[in-house]
S.K.: 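Structure incoming, see below.
Quick caveat, the model's predicted, so the values are computed rather than measured. Just so we're on the same page: letters track the sequence lines, and every chain starts at 1.
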Protein chains: 2
Amino acid sequence: MADLTSSFCSPRPRLPIRSVNRTNGALRSRCCKVRCVAAPAQEAVTTGVKRNENIQKLQAGYLFPEIARRRRAHQEKNPDAKIISLGIGDTTEPVPKSIADAMQKAAAGLATLEGYSGYGAEQGRGEVRQAICDRFYSHVGRKATEIFVSDGSKCDIGRLQMMFGASTSVAVQDPSYPVYVDSSVIMGMTDGYDESSKGFGRLEYMVCRPENDFFPDLSKVRPTDLIFFCNPNNPTGAAATRKQLEELVAFARKNGSIIIYDAAYAIYISDPERPQSIFEIPGAEECALETCSFSKYAGFTGVRLGWTVVPEQLRYSDGTPVITDFNRIMTTIFNGASVVAQAGGLACLQDEGFKEMQELVSFYKENAAILRTTFKDLGFSVFGGEDAPYVWVGFPGKPSWDVFAEILERCNIVTTPGSGFGPAGEGFVRASAFGHREDILEAVERFKKEFGGR
Amino acid sequence: MADLTSSFCSPRPRLPIRSVNRTNGALRSRCCKVRCVAAPAQEAVTTGVKRNENIQKLQAGYLFPEIARRRRAHQEKNPDAKIISLGIGDTTEPVPKSIADAMQKAAAGLATLEGYSGYGAEQGRGEVRQAICDRFYSHVGRKATEIFVSDGSKCDIGRLQMMFGASTSVAVQDPSYPVYVDSSVIMGMTDGYDESSKGFGRLEYMVCRPENDFFPDLSKVRPTDLIFFCNPNNPTGAAATRKQLEELVAFARKNGSIIIYDAAYAIYISDPERPQSIFEIPGAEECALETCSFSKYAGFTGVRLGWTVVPEQLRYSDGTPVITDFNRIMTTIFNGASVVAQAGGLACLQDEGFKEMQELVSFYKENAAILRTTFKDLGFSVFGGEDAPYVWVGFPGKPSWDVFAEILERCNIVTTPGSGFGPAGEGFVRASAFGHREDILEAVERFKKEFGGR
């Protein structure tokens with residue numbers, strides 16, 4: 001995202017290569033003698049380490065840095081343009097007062113003997129785990145000991161993938177948050193990219209389109225070990241009904257799959273017929289884990305705090321509880337979320353903070369309603385934006401990167417092209433409701449001006 | 001570490017198992033019909049997901065939670081004992097004022113429009129990268145764009161392992177920080193544990209003992225893709241000389257290896273003949289990356305902030321810069337370090353903060369000197385503690401878990417058994433210099449009392 005990174009985005013060097021070849025520790029040195037003397041200026045020296053072939057399967061860069069790159073290019077071409085971003089789902093409003101106060105107090109406390117805190121438990125502070133449980137999970141039978149506090153869901157997904165390992169098979173909603181697919185590719189859970197299907201081999205894409213109410217036709221889904229399920233979905237904004245989630249849980253139980261349920265936007269669900277947690281569905285505790293985050297709840301995108309719930313009842317085929325291995329992963333390659341962020345998370349769950357957090361969510365939901373109404377009034381097919389902070393706008397028959405480019409060109413507005421979320425996202429763009437109100441209103445005016453007469 | 005976790009540490013359930021068997025997505029359901037009805041109370045229902053066989057190779061839990069468990073057991077047996085911990089290397093002194101102030105200000109700012117910050121660059125704030133570079137790396141030719149700011153070195157090691165992938169071969173110092181070995185095992189870079197050698201197959205153990213000045217005899221080391229090298233070493237406290245590091249770099253270059261240089265304690269090196277960064281060695285930029293952390297520099301063990309330096313010149317055998325893939329990993333499964341922690345990191349690197357940070361390091365170094373002198377006076381063989389916050393005490397011929405237990409029993413002092421760091425750590429315990437001065441002095445008194453007459 002930063003300009004600082006642009007200097008090393010070129011994937012291959014153009015210089016001649018000089019290297020040492022070594023396989024499995026057996027030395028096959030071709031040119032070790034010359035490598036110990038200064039190399040000529042034009043020659044690139046390499047190590048003998050083979051590049052991870054799974055990473056080579058990845059196509060472009062991660063979606064959002066790519067969008068940032070295109071935005072920068074547009075800004076450079078149009079230095080006076082006031083660009084509005086409805087692109088990356090990045091929160092814009094200040095952290096509520098009582099929550100920021102708690103973090104301020106924790107930070108100040110670090111300078112005192114009483115307030116200082118070194119390593120905490122890798123799983124998170126006991127009070128934070130308990131408070132998350134009390135607010136969101138006690139009523140669905142979960143326990144504080146099943147909750148692991150982290151620096152966010154995106155990071156937890158990486159750790160979960162490392163835990164499950166390369167031999168697991170994976171299904172994702174199509175479209176979906178790119179991290180599920182990219183991390184599966186990196187871990188070796190897929191074959192290479194297939195240009196014709198616009199997808200990776202071995203990965204099961206569960207198509208979610210208007211035709212199926214954005215819920216996959218499970219009779220056509222190949223059973224896999226893992227099912228990533230984001231609800232409400234990013235990017236479509238669709239929130240599944242209770243009946244749909246019951247179907248999903250029955251499908252997973254029948255096939256012995258584990259659902260990795262991403263509830264990062266669950267608090268945006270208002271409809272009581274649409275569950276906020278997978279654990280509202282009986283039996284889910286034996287086939288699902290859930291990850292969630294304070295990012296879109298309390299504007300913690302920069303603060304970094306999330307959690308993952310792994311029920312004790314969730315077991316591998318040999319009977320080992322999944323929580324045993326997740327605990328081992330968290331204690332081995334994680335070292336606890338920042339104590340300052342955790343103080344903020346605890347404040348989010350107190351009565352005052354919880355009320356403030358809900359008001360913040362309501363504000364973004366009003367933004368979503370404004371965007372949704374605008375696109376509807378302009379005659380577009382519009383989805384999402386009711387139980388989610390994302391509005392999913394259809395441009396049938398048009399490549400979504402073209403739509404992205406057209407909106408950027410004509411309106412100076414950044415959206416996210418649907419195809420960046422998977423092949424079934426083609427023909428859509430996502431508009432994020434995270435923004436200052438005046439920017440949302442200004443964006444709406446621009447859309448009306450540019451697309452009003454179509 | 002927390003009591004909350006103890007309930008799921010048993011690796012295998014004792015209940016009968018009912019499961020679904022499925023391989024590579026092909027369904028082989030044995031009992032899917034019975035799984036959809038309520039299971040009898042005594043029967044554990046499992047998924048069909050196979051447990052990651054790499055994780056099964058791991059032996060006990062991660063070292064420090066195991067020590068915490070033994071400490072708790074001792075405390076329960078001796079409720080009045082005032083236990084002093086020289087075990088886990090956890091900082092105890094408050095964060096210096098100007099640094100905590102900066103974090104306090106950043107946290108307070110989050111409640112304002114001007115001070116609010118959402119997602120930052122996944123690679124870290126530009127100013128933080130620049131400041132790290134200016135303080136530690138400009139003089140050795142590194143650039144700010146090569147520095148990735150993170151939530152700590154331990155977490156970066158996990159991400160590095162995911163980047164390199166399962167097919168890379170690995171060497172570690174023996175003894176060493178357990179995360180290198182455990183993460184290698186989890187990623188599938190090793191074979192199983194061999195009880196006779198006390199090590200994992202395919203993993204190259206580079207023995208570091210008093211006999212070789214704690215620097216491996218490289219003529220006996222099998223070449224590998226990756227060489228984890230912690231300097232000053234945790235746990236031995238040995239800091240390599242310039243000549244030794246030149247040997248290491250020449251060895252890596254000759255074999256085409258990549259050194260993952262862990263400099264988490266580099267600031268504790270006083271001897272000018274012992275480099276603080278691997279990049280002080282010419283040619284290292286083509287065969288090494290370096291990870292470091294504010295944890296032991298500024299007491300940030302709870303705050304969480306570190307960094308990894310990947311030189312542009314470091315390349316895979318096909319010529320691809322390693323930084324390209326590390327950037328992809330960081331943008332895909334990481335989301336930036338907490339903005340509050342980064343504000344603290346920036347303050348650490350300003351003149352005032354840097355001076356305060358150095359004073360803090362000096363304090364812990366005085367602790368180390370006190371411990372070192374005590375053990376020397378008591379007639380033990382003592383290593384480390386001069387350029388590192390760890391003192392490595394020899395108990396020749398005694399199993400180190402027995403020594404650990406004896407010290408805990410007789411002195412109510414927690415140490416870390418050397419064998420927990422690798423087979424060559426057997427016969428030693430590590431004493432950490434992180435502690436309040438009065439605790440260090442009290443520990444010293446207890447050691448003198450219990451071991452003075454031996």
S.K.: Side chain, backbone, both or neither: which part of A/A106 has a heavy atom under 4.5 Å from chain B?
M.R.: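 For A/A106, no heavy atom lies under 4.5 Å from chain B.
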S.K.: Tell me, for B/A337 versus chain A, whether the close heavy atoms (under 4.5 Å) come from the side chain, the backbone, both or neither.
M.R.: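 For B/A337, the contact with chain A is made by the backbone alone.
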S.K.: Pick one of side chain, backbone, both or neither for A/L314, based on which atoms fall under 4.5 Å of a heavy atom in chain B.
M.R.: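 A/L314 touches chain B through side-chain heavy atoms alone.
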S.K.: In chain order, what residues pass the ring pair (Phe, Tyr, Trp, His ring centres under 6.0 Å) check against A/F300, with sequence neighbours excluded?
M.R.: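 Checked A/F300 against ring pair (Phe, Tyr, Trp, His ring centres under 6.0 Å); matches are A/F294.
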S.K.: With a 4.5 angstrom heavy-atom cut-off, is it the side chain or the backbone of A/E204 that approaches chain B, or both, or neither?
M.R.: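 Interface part for A/E204: neither.
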S.K.: Does a side-chain N-to-carboxylate-O contact under 4.0 Å join B/D225 and A/K50?
M.R.: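 The answer is no: the pair does not qualify as a salt bridge.
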S.K.: Is A/D151 paired with A/R159 through a side-chain N to carboxylate O contact shorter than 4.0 Å?
M.R.: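 Salt bridge present between A/R159 and A/D151.
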S.K.: Considering only heavy atoms, which portion of A/L110 lies under 4.5 Å from any heavy atom of chain B: side chain, backbone, both, or neither?
M.R.: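 When you check distances to chain B, atoms from both the backbone and side chain of A/L110 fall under 4.5 Å.
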S.K.: Please rank A/Q161, A/E53, A/M187 by heavy-atom pairs under 4.5 Å with chain B and give me the top one.
M.R.: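 Answer, by heavy-atom pair count under 4.5 Å with chain B: A/M187.
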S.K.: Please identify, among B/S338, B/G344, B/P96, B/G158, the residue contributing the most non-hydrogen atom pairs under 4.5 Å to chain A.
M.R.: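 Going by pairs under 4.5 Å, I would pick B/S338.
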S.K.: Give the member of A/V339, A/V95, A/D156, A/V322 that has the highest number of heavy-atom pairs under 4.5 Å with chain B.
M.R.: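 Heavy-atom pairs under 4.5 Å are most numerous for A/V95.
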S.K.: Please list all pairs passing the side chain to side chain donor-acceptor pair (under 3.5 Å) test where one or both residues lie in residues 108-118 of chain B, with sequence neighbours left out.
M.R.: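 Found A/T91-B/Y116.
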S.K.: Any side-chain donor paired with an acceptor under 3.5 Å for B/D90 and B/T301?
M.R.: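 A pair is found: one side chain offers a donor N or O, the other an acceptor, under 3.5 Å apart.
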S.K.: Would A/N255 and A/S257 count as having a side-chain donor-acceptor pair, cut-off 3.5 Å?
M.R.: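 The answer is no; no qualifying pair exists.
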